[in-house]
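This structure is a prediction, so every number in the text was calculated from the model and none was measured.
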Amino acid sequence: MASDLCSHCLKIPFALFLGISNVEYQHLQSLESLRGSAKKGCRLCKILNSHAWWPREHFRNIVPRPAITLFGQRIQDRRQITMCVGTEKEVIPYAVTSSASPRCPGNIQCIDRTANSELNVEFMRALIDDCIHSHAECAWHINDSVLPTRLLYVGSGKDDRIRVVAGSDSESFGRRYLAVSHCWGKISFDAPWRLTKSRLSKYREHIQFDELSQTFQDIVRLSWDLKEQYLWIDSLCIIQDSREDWLREAAMMAEIYSNSVCTISAASSNSHEPCFSPRTPETSNCCILQLPTDSFQGTTDITLFGGSRMRSRLGLIQDTPVAQRAWCLQERELSTRIIQFTRNQWIWSCRSKSTTEDLLHERFWNSPTMDRAYQTTSSSLLPLFGSRIFSSDAWNRLEEIQNLNFKDKKPYLDYWYKVVEAYSGCGITIPSDRLPAISGVAKRQNVFVQSNYLAGLWEDDIAHGLLWRPSRQLSQAQMRTMERLVPNIAPSWSWASLNNKIQFAKTTMDRVPYPTARDGLSSYAKALALLKPRAREFLKARDYLDVPKQKEMVVGFRSAVIDCAGGDEYGQIGLGRLSMKGRLRPAKCIRKSQATKGILKNTHLGFVATAMFSGSDDQSASVSFDVFSEGEHYDTIICLYVADDDTLPNSGLGLALVPTKSNPNDAFEFTRVGYVEGLKSDMFQLLKPLNFSLI
């Protein structure tokens, strides 16, 4: 059997792993040599390199370059190798296990052949139990009295009949069930793992195990191992050819995922693929090094664990299928606990803590206690953008939070905008699901925010919600494919009306309550009083408009009419109209062919033009059209001043509007077509605020 080690690693003496203080081994001559050997495929060099966190410039001025020396150590029950590079040191943990039979020295194995091995299942059960009984932050849910309409009963083994049952059947099992998050992939409508009206009666009696997709078969086996008897799988618990059933169940996503014992995420597979990917040494974050012993014939297994650089590269899920899907993002956000199965290892996350499979193996081998099972610091492995703001402490203080001034709810608003920015870049098969697929997050959000939900925006933060634009992260090719979703997926003023990633602006009026229909155009003094003293002095000292007029510059909300499909304000909508009050000014769009100031195409901004206002040549602003192809058709736009720019003095942000095609005779009914920046506030301050509508 060919070795997976380079010649230097094959010569590592077994005595190095006995923890004798005077044993050392001169490895490669430099970090460059180590990185080169790792690229050539030496598994041990890859492990060592994953611990070598130092940047290339770190040893640039040291001549000759420092060699790599390995020292064996044993501190109490913890085994480790210390890698020294010059004066720098890094610790590499390992574990020693005996071999059942002699094997090829230098052969590398995975720490576990399958994600659902007996030891891994023990870890998962321990993590679930520890979270339920020890994590106060994870104890509360949006409404723990709600059960799914249907569940999939899987029993405790193959002898039990798998079937669709009422959610209330789980009452006898402590209301416990596992929720499943997965990518559907390209499957036919008649796939047997889809519940339809015609199959409902049959599936209430029995579903053959072999009729389930490969992903679902794996998850059923895992549920048996975890001693859980009920699953919630969307394709088998929602009637797929019933619009009424779909609308009702989609409105329950927040409760379904929040109340489940744990969410099982098939992060790296589609429904027809295995949930548990085969392990190979090339993808594993741990490896078993088989070394010949000095005292007897045979080999001893030395299990080495990769460093945090490798863990962060292999453990995160950014490149997995579920990370690219809109529904799966919501499911991850709503879950109290989630186990995500990637191609390399599985990841545990709850609202308070996270860990990875390799970290569990490393720490339990050396010190088998739950206290050491988790990441020691706040980790990006946590699936929730703002997991801690929905902790049990927040639920205990719910009434207090609901009664806060709107500006003091900033963490919840920031959370929402971060989620929407990520969500908007995710793929979705059915365009009309654009709002329903985030409705559960919005529903949970509004328990705390207590504001009218308007097609992805919040009434009490309406000005900030209107200031979105296509993301600067999009390539030119992606910008060209940006289009407005039709028919009636969302109104033009909602970010949900576009089919790609967006981003929100920052304004100086952040978290100052915007005027609404409830309080009219409130005075600037009232809003200013809500700011901290230092912020008040800062605003007063700025060389902007006079104080009373600055607040009046912000667009005002009057009312909204949203056509909600199925009566769910968070789900699908038809038409949406905002009645607003603000300052409007017409402008001419100048393109590159007409003036040197115009910019026709820009790699990062899509279709951009210059808006020229009547009067001085200096009175201009930059217009970024939402849809690339639309920008070529508008010679004149209406600019709406929305809020002050956070980055430039005497500069504002607004929207580019055009009269609606459906009602061209109404001079004050508009459709949004773009985003405007660089507006001079003194160009708008003398204008009279007008009532108008956005659709």
Taking only residues two or more places apart in sequence, or in another chain, which ones meet [X] in a side-chain contact (heavy atoms from CB on, under 4.5 Å)?
| X | result |
| --- | --- |
| Ala266 | His182, Thr215, Ser269, Cys275 |
| Ser156 | Asp160 |
| Ala38 | Cys45, Lys46, Asn49 |
| Asn499 | Met482, Glu483, Leu485 |

For [X] and [Y], indicate whether the former's side chain and the latter's backbone hold a donor-acceptor pair under 3.5 Å.
| X | Y | answer |
| --- | --- | --- |
| Arg175 | Asn259 | no |
| Ser30 | Ser33 | yes |
| Tyr423 | Lys418 | no |
| Lys501 | Leu474 | no |
| Gln217 | Leu212 | yes |
| Arg194 | Pro192 | no |
| Gln330 | Val441 | yes |
| Ser134 | Cys131 | no |
| Trp224 | Val154 | yes |

Quick check for you: to the nearest 0.5 Å, what is the distance between [X] atom [atom1] and [Y] atom [atom2]?
| X | Y | atom1 | atom2 | value |
| --- | --- | --- | --- | --- |
| Asp225 | Glu122 | CG | CD | 10.5 Å |
| Gln229 | Arg176 | CD | CZ | 10.5 Å |
| Ile132 | Leu127 | CD1 | CG | 11.0 Å |
| Ile68 | Glu88 | CD1 | CD | 13.0 Å |
| Asp130 | His133 | CG | NE2 | 9.5 Å |
| Ser37 | His8 | OG | NE2 | 8.5 Å |

Step by step, would you call His27 with Leu34 a side-chain contact (heavy atoms from CB on, under 4.5 Å)?
CA-CA 9 Å; His27 199 254; Leu34 178 68; 4.1 Å; yes
Residue pair Ser349, Ser354: steps toward the side chain to side chain donor-acceptor pair (under 3.5 Å) verdict
CA-CA 4 Å; Ser349 299; Ser354 69; 4.9 Å; no
Decide whether [X] and [Y] meet the rule of one side-chain donor and one side-chain acceptor closer than 3.5 Å.
| X | Y | result |
| --- | --- | --- |
| Glu331 | Ser181 | yes |
| Trp327 | Asp234 | no |
| Thr336 | Arg351 | yes |

Should Leu334 and Ile256 count as side-chain neighbours, where that means a heavy-atom distance under 4.5 Å?
no
Pairwise side-chain contact, Thr82 with Leu70, heavy-atom cut-off 4.5 Å (strictly under):
no
Tell me, please, which residues at least two apart from Asp218 pass salt bridge (charged side-chain N to carboxylate O under 4.0 Å, His left out).
Arg221
Could you list the residues that satisfy salt bridge (charged side-chain N to carboxylate O under 4.0 Å, His left out) with Glu273, not counting sequence neighbours?
none
Check Asn120, Leu178, Val121, Leu231 against Leu222 for a side chain to side chain contact (heavy atoms under 4.5 Å, CB included) and give me the one that passes.
Val121
Write down the atom of [X], the atom of [Y], and the distance for their closest heavy-atom approach.
| X | Y | answer |
| --- | --- | --- |
| Ser424 | Ile502 | OG-N, 3.0 Å |
| Lys227 | Phe173 | O-CZ, 3.4 Å |
| Arg325 | Cys183 | CG-SG, 3.3 Å |
| Glu333 | Arg444 | O-NH1, 3.2 Å |
| His135 | Cys350 | ND1-SG, 3.5 Å |
| Met124 | Leu226 | CB-CD2, 3.9 Å |

Step by step, would you call Phe341 with Ile264 a side-chain contact (heavy atoms from CB on, under 4.5 Å)?
CA-CA 8 Å; Phe341 290 92; Ile264 305 300; 3.7 Å; yes
For [X], side-chain hydrogen bond (donor to acceptor under 3.5 Å, both in side chains) partners two or more places apart:
| X | answer |
| --- | --- |
| Gln26 | Glu24, Thr69 |
| Trp193 | none |
| Asp190 | Ser188 |
| Arg125 | none |

In this structure, is the centre-to-centre distance between the rings of Trp348 and Phe123 below 6.0 Å?
no
So, using ring pair (Phe, Tyr, Trp, His ring centres under 6.0 Å) as the criterion, who are the partners of Tyr177 when residues are at least two apart?
none
Would you please name every residue forming a ring pair (Phe, Tyr, Trp, His ring centres under 6.0 Å) with Tyr153, sequence neighbours left out?
Tyr230
Report yes or no: is the cationic atom of Lys11 (NZ for Lys, CZ for Arg) under 6.0 Å from the centre of the six-membered ring of Tyr25, at an angle within 45° of the ring normal?
no
Could you give me the CA-CA distance, side-chain angles and deciding distance for Phe216 and Leu152, then say whether side-chain contact (heavy atoms from CB on, under 4.5 Å) is met?
CA-CA 11 Å; Phe216 296 166; Leu152 191 69; over 6 Å; no
Trp346/Phe276 under ring pair (Phe, Tyr, Trp, His ring centres under 6.0 Å): CA gap, chis, key distance, verdict
CA-CA 9 Å; Trp346 54 270; Phe276 311 128; over 10 Å; no
Run Ser235 and Trp184 through side-chain contact (heavy atoms from CB on, under 4.5 Å) and show every step you take.
CA-CA 9 Å; Ser235 61; Trp184 284 51; 3.5 Å; yes
